[in-house]
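Shown next, in structure tokens, is the structure this report addresses.
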Amino acid sequence: MSEQNSLLSVAIPSPLRRPFDYLPPKGQLASEIPAGMRVLVPFGCQTRVGVVLGTVTSSSISADKLKRVKRCLDDTPVFGTDLVKLLRWASQYYQHPVGEVFSTALPALLRTEQLAKVQGKKTWCLTEAGRGVEPDSLKRAPLQQALLKAMHEAGKMEMADLSAISENWRPAMTRLVEQGFVLINEETLIPEVPDTPRVGPELNSEQRAARIAIIEGMGKFQTYLLDGVTGSGKTAVYLEVIEQLLEKGQQVLVMVPEIGLTPQLVERFRQQLRVPVTVMHSGLTDHERLAAWSLARHGQAGVIIGTRSAVFTPIPKLGLIIIDEEHDASFKQQDGFRYSARDLAILRARDAGIPIMLGSATPSLESLYNCQQGRYRHLILPERAGEAEPPVIRVIDVRKQPMDSLISVGLRQRMREHLADEGQVLLFLNRRGFAPMLICHDCGWVSQCDRCDSRMTLHQRIERLRCHHCDREQAIPEQCPACGGDDLRSFGYGTERIEQALQQQFPDVSVLRIDRDTTRRKGSMQQLLDRVHSGEGQIMLGTQMLAKGHHFPNVTLVGILDADYGLYSIDLRASERMAQLIMQVAGRAGRAEKAGEVLIQTHHPDHPLLRTLIQQGYAACAEGLLEDRQQSLWPPYSYLAMLRAESTDKAAPMAFLEAAVAMAGNNIQGCELLGPIASPMERRAGRYRAQILIQAEQRQALQALLGPWLAQLEGMKTSRKVRWSIDVDPVELF
Ligand code: ADP
Ligand code: ZN
Ligand code: ZN
């Protein structure tokens with residue numbers, strides 16, 4: 001055992017933070033097994049799939065207790081050294097167990113013993129010769145006869161059809177193939193490439209400048225921020241830059257927010273590019289996902305478009321990374337391994353020595369700050385591309401105004417005018433359901449969720465009360481559960497209620513509601529979008545789902561029904577989010593030759609955020625918000641981590657966090673612990689929650705505290721009474 005590097009360090013999914021040591025498989029040396037290889041290992045009394053991190057010389061485990069790796073699962077490592085390094089770094093930085101980090105990064109099928117190989121579906125078809133053969137002429141080979149007969153009827157067959165005829169169909173089928181009667185077709189998994197790719201628009205001078213800047217930077221690391229209003233032609237720039245890279249035989253990774261990965265976007269890429277474009281998102285089956293992953297890994301996909309977890313895809317000839325809508329919160333994973341895909345992508349680009357382009361109409365304050373600091377290169381597309389005019393944004397002061405279901409007289413008037421001009425109208429309200437609560441007019445009872453500190457939303461169409469925080473639901477009570485009275489009233493407005501009101505106010509106009517409730521079924525979003533594009537829908541009403549990624553060229557009026565919601569929130573990012581949301585929604589108006597109008601209803605028309613946003617635009621607004629952050633020393637002027645704990649026992653989270661503070665003791669140089677406090681929504685899904693916010697002016701100080709501290713917490717007795725987690729660079733502060 002004294003031999004150098006004789007052991008393998010293996011990442012195995014388990015709540016423990018450390019890797020595990022193993023002897024190499026029988027007959028092999030540890031040094032023969034490269035990092036990134038999947039291996040099958042005994043673990044306790046089970047067998048697990050792990051990933052080799054590297055070799056080690058000695059182990060804290062005594063020699064007689066060391067176990068052997070059973071075998072390697074693939075011929076070659078699933079992760080190259082680049083990804084092994086990135087994932088190990090991420091495990092440390094985000095303070096998440098290394099085994100779970102590696103496991104998260106693998107397509108689900110590869111977390112099992114499944115081979116990292118995919119095969120397209122096979123079909124067996126009759127050839128011309130086969131069609132000419134009478135099955136009866138094969139009487140002496142009854143199984144061949146049966147197969148041929150079935151194929152005469154069906155034309156072609158799949159594996160399952162053949163197995164249904166006989167379990168032992170293979171030898172007979174092989175004979176039929178050898179005689180030239182049957183042909184095997186293997187479905188190709190490689191997406192089609194157009195014969196004549198569509199040609200993009202001629203770039204304007206700003207777009208050209210951006211393209212040139214990035215192309216000149218090829219082959220070295222640099223982060224670019226492509227900052228351009230919606231419709232300024234960012235995607236057109238991406239496509240031209242990508243074409244250049246593809247000509248050199250390189251691959252490109254394009255990351256988009258979950259909700260931004262629309263069929264239109266994918267179609268646009270597939271129609272303009274001469275290479276297979278593969279797509280990775282959460283809607284794929286495990287097999288489809290493995291297939292897409294595999295095309296990327298073998299260099300067969302020129303472009304990989306994916307959501308958050310696509311950042312972990314092996315891409316051997318990676319030449320460029322693009323992150324569209326880089327400000328979007330969905331790039332941060334909110335549970336388990338809480339990584340930021342945007343930040344990891346930048347790190348990946350740096351290690352690979354390639355450029356990375358972040359694009360947004362409303363860049364995050366972090367990215368704007370990095371531009372100010374000279375770390376990112378700021379490329380600005382100030383205007384809409386082509387002939388498109390910018391929308392006119394106005395505030396409607398709704399104070400003392402008569403309102404009918406959140407629609408002011410002024411807004412209704414403009415809606416009528418736009419509809420009369422054959423424009424489409426888009427209304428935005430970030431609350432789904434019919435009404436946010438049910439209230440008893442006799443005694444004041446409200447529809448409280450009994451598992452959360454929150455009210456249950458009334459969903460009238462399905463006649464249920466539903467909690468949007470824990471998904472608990474129940475029938476709508478006929479009588480008040482408290483006093484037995486029967487005067488139960490809905491209070492407040494959600495999209496479902498506005499939809500009903502619109503149908504009354506605009507009886508001849510078709511209204512489409514687009515929110516989580518109307519898009520639950522697979523394909524339903526696409527159906528709704530098709531109805532928008534065909535012009536069948538005249539008024540669209542939706543939640544923030546509608547704010548992202550969609551092109552609605554015929555929408556000329558956008559109404560934001562309630563802007564007050566985001567103006568006064570305790571969340572440090574609420575103002576930034578609100579400004580982004582307003583600009584993103586506004587970006588849907590008048591994209592083509594029709595100028596658009598955006599009306600924002602508010603009780604606070606003089607709110608400084610709204611004023612700056614409307615009079616001077618997003619950039620000025622963001623600059624003001626950054627100054628606020630600097631004054632109060634919030635990110636990006638400091639670094640945060642959040643330690644959360646939850647339990648069904650009310651006292652346990654606080655007790656654990658207080659013990660944690662005591663444990664940290666004097667090891668908190670350069671950090672400040674804010675808390676513990678009860679979380680803003682203390683009870684959710686039946687669990688009580690508390691938190692400590694850790695703030696530091698230097699990243700290093702935060703990291704220096706977290707590593708050793710969490711290792712101690714793991715061993716603490718009270719830690720077993722709660723579920724706890726750490727969130728480094730949190731985007732949600734509760
Ligand atoms: P973004 O990604 O910034 O929202 P897109 O690239 O989708 O912008 O462009 C918006 C629309 O403008 C698209 O229909 C696109 O084809 C068109 N477009 C982009 N650049 C130009 C240009 N230079 N000239 C004319 N039309 C353009
Ligand atoms: Zn009552
Ligand atoms: Zn609830």
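Numbers here simply count residues along the sequence, with the first being 1. Both ligands and their constituent atoms are indexed starting at 1 by order of listing. Both backbone and side-chain heavy atoms feed into the values below; hydrogens, waters and symmetry mates do not.
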Applied to residues 425-462, the ring pair (Phe, Tyr, Trp, His ring centres under 6.0 Å) test, sequence neighbours excluded, yields H459-H468
Just which atoms of ligand 1 are under 4.0 Å from any heavy atom in S232? 3 (O), 8 (O)
Under 4.0 Å from any heavy atom of N204, which atoms of ligand 1 are there? 23 (N)
Applying a 4.0 Å heavy-atom criterion (strictly less than), which segment of R268 is in contact with ligand 1: side chain, backbone, both, or neither? side chain
Examine the proximity of ligand 1 to T235 and report which part, side chain or backbone, both or neither, has a heavy atom under 4.0 Å away. both
Would you please indicate yes or no on a ring centroid separation below 6.0 angstrom for H533 and F552? yes
N/O to N/O below 3.5 Å, does that happen between E202 and ligand 1? yes
Does an N or O from G228, backbone or side chain, lie closer than 3.5 Å to an N or O of ligand 1? no
Passing option when R432 is tested against T543, T495, D517, D515 for side-chain hydrogen bond (donor to acceptor under 3.5 Å, both in side chains): D517
Taking side-chain hydrogen bond (donor to acceptor under 3.5 Å, both in side chains) as the criterion, tell me which of R208, R211, Q207 meets it with E240. R211
Indicate yes or no: does D450 engage R472 in a salt bridge with an N to O separation below 4.0 Å. yes
Answer yes when E732 and R338 have at least one side-chain N-carboxylate O distance shorter than 4.0 Å, and no when they do not. no
Close approach, [X] and ligand 1, non-hydrogen under 4.0 angstrom:
X: G231; answer: yes
X: R384; answer: no
X: V229; answer: yes

Name the option, out of A361, A385, G587, that contains the heavy atom nearest to atom 19 (C) of ligand 1. A385
Quick one: the SG of C440, the Zn ion (ligand 2), SG of C480 angle, rounded to 10°, please. 110°
Given the Zn ion (ligand 2) as the apex, I'd like the angle to SG of C443 and SG of C483, rounded to 10 degrees. 110°
Are there any protein N/O/S atoms under 2.8 Å from the Zn ion (ligand 3), and if so, which? C449 SG, C452 SG, C467 SG, C470 SG
Between Y618 and Q580, do the side chains contain an N or O donor and an N or O acceptor separated by less than 3.5 Å? yes
